[in-house]
Amino acid sequence: MSVNLPIYFDNHATTPVDPRVLDAMLPYFGAKFGNAASRNHSFGWAGEEAVENARGQVASLIGATPKEIIFTSGATESDNLMIKGVAEMYREKGNHIITQAIEHKAVLDTCKRLEKYGYEVTYLPVQKDGRVNPEDVRKAITPKTILITIMYANNEIGVINPIQEIGKIAKEHGIIFAVDGVQAVGKIPVDVQKDNIDLLAISGHKIYGPKGVGALYVRRRNPRVQLSAIIDGGGHERGMRSGTLNVPGIVGLGKACEVAQQEMAAESAKMLALRERLRKGLEAKLDEVFINGSMEHRLPNNLNMSFAYVEGESLLMGINDIAVSSGSACTSATLEPSYVLKALGVGEDLAHTSIRFGLGRFNTEEEVDYVIDKMVQVVSKLRELSPLYEMAKEGIDISKVKWQTA
Ligand SMILES: *Cc1c(COP(=O)(O)O)cnc(C)c1O
């Protein structure tokens, strides 16, 4: 069987909308256009009913009740709302927040903003495998701590944190626990009760739903979490998020959650099989490759691998019919290695040659085989041009070589 090019292996960045999701959304762009807040006529009622149905679908996926779901414009907003909302609401109680080094920028930059307003933030390091040590969280707690925010699974390396244990520590100390669940929800079982989560950020477009819609779970009992709004207006979403609801988007997010719930077990087995086929294929045919982050505690659809002795940009150019992400972030002037890999202690050279493979619902074995062949071909060719690789093969310890400088 042949494959269609280009191949999409970047499902941590975004996912295609599932056709079932699109079908569910379409009527709400047409005849069912009502404003869900219009209480006086059937157009409004149809919108409201659709939104409440979606609220149930989202809640069901994470073990919550529908009233605990707030719709937002995406997980960036959900992350902002959960952190800023707690910071403002509980300011009298304290000003200390605990997070960790390899959160998504939506969390890190929100915390940095709060530092400007007098909050103190502890950015915990991660272990070599990319996970947070729960004991580090415990030790960082002070009488002023009002919030602990740790992501469920990392978007670059797919590593899954010990969320249940961290949640337990937060609970023991009466501190609110907020989780960026974007990469985990819909992919692995997430249960806000079992996991002791008080706030959970979700994004539509990472789970085969539309872009520009997300949700925030806000615990209502044991404890009842209160949030200050960051958008003021008509008092929608129980006052926590004003603004006319994006009905088609919300319907899509709800449907995406329903499909994920029904298919998660089978899908995650399929992802794992594809991922292992990819990993084993690459490891069998290439030496000097290194996996970044824990293999044991990892999303089934993620592989993050460094290919030593190649030049990162040439590698990406060589595989331009495959959509992946690399461990280099192109800023205006320089090529910065990923802050995530840096925090794991991965050296600059290896960070620059790292590739994130993000598998998804619509990928196939044939695509995996194509990617293996292509990677092997391009990496081998680049290494033929590398004197360093040649020296390494001859058993010369490159770190001990005294280089002549001109
Ligand atoms: C994509 C992503 C976000 C941002 O979600 P948007 O809906 O695109 O704003 C936040 N956190 C993580 C871990 C992500 O992967």
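Atoms considered below: every heavy atom in the structure, side chains included; atoms not considered: hydrogens, waters and symmetry mates. For clarity, every value in this text was computed on a predicted model and none was experimentally measured. Start at 1 with the first residue, then count along the sequence. For ligands, and for the atoms within them, numbers begin at 1 and follow the listed sequence.
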Could you find the nearest protein heavy atom to [atom] and give me its residue, atom name and distance?
atom                    : result
atom 4 (C) of ligand 1  : Thr76 OG1, 3.5 Å
atom 11 (N) of ligand 1 : Asp180 OD2, 2.6 Å
atom 2 (C) of ligand 1  : Lys206 NZ, 2.5 Å
atom 5 (O) of ligand 1  : Ala75 CB, 3.2 Å
atom 12 (C) of ligand 1 : His104 CD2, 3.3 Å

>> I need the contact type for Asp79 against ligand 1. Using non-hydrogen atoms and a strict under-4.0 Å cut-off, is it side chain, backbone, both or neither?
In response: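 For Asp79, the contact with ligand 1 is made by the side chain alone.
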
> Is ligand 1 under 4.0 Å from a heavy atom in the side chain of His205, in the backbone, in both, or in neither?
Replying inline: side chain

Below 4.5 Å, heavy atoms only, C-beta onward: do [X] and [Y] meet side chain to side chain?
X      : Y      : answer
Val126 : Val132 : yes
Asp349 : Thr353 : no
Arg298 : Arg275 : yes

> If you measure every N/O of Ser203 against every N/O of ligand 1, is any gap under 3.5 Å?
Replying inline: yes

> Any nitrogen or oxygen of His12, main chain or side chain, under 3.5 Å from a nitrogen or oxygen of ligand 1?
Replying inline: no

>> Can you classify the ring geometry of Phe33 versus Phe43 as parallel (below 30°), tilted (30 to 60°) or perpendicular (above 60°)?
In response: tilted

> Quick one: which ligand 1 atoms are inside 4.0 Å of a heavy atom on Gly74?
Replying inline: 7 (O)

>> As a quick check of understanding, evaluate salt bridge (Lys or Arg N to Asp or Glu O under 4.0 Å) for Arg138 and Glu135, giving each step before the final call.
In response: CA-CA 5 Å; Arg138 189 194 298 280; Glu135 283 314 304; 3.2 Å; yes

> Could you walk me through whether Lys270 and Glu263 pass the salt bridge (Lys or Arg N to Asp or Glu O under 4.0 Å) check?
Replying inline: CA-CA 10 Å; Lys270 179 190 151 183; Glu263 302 188 350; over 6 Å; no

>> Between Gln261 and Glu258, do the side chains contain a donor N or O and an acceptor N or O under 3.5 Å apart?
In response: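 Short answer, no.
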
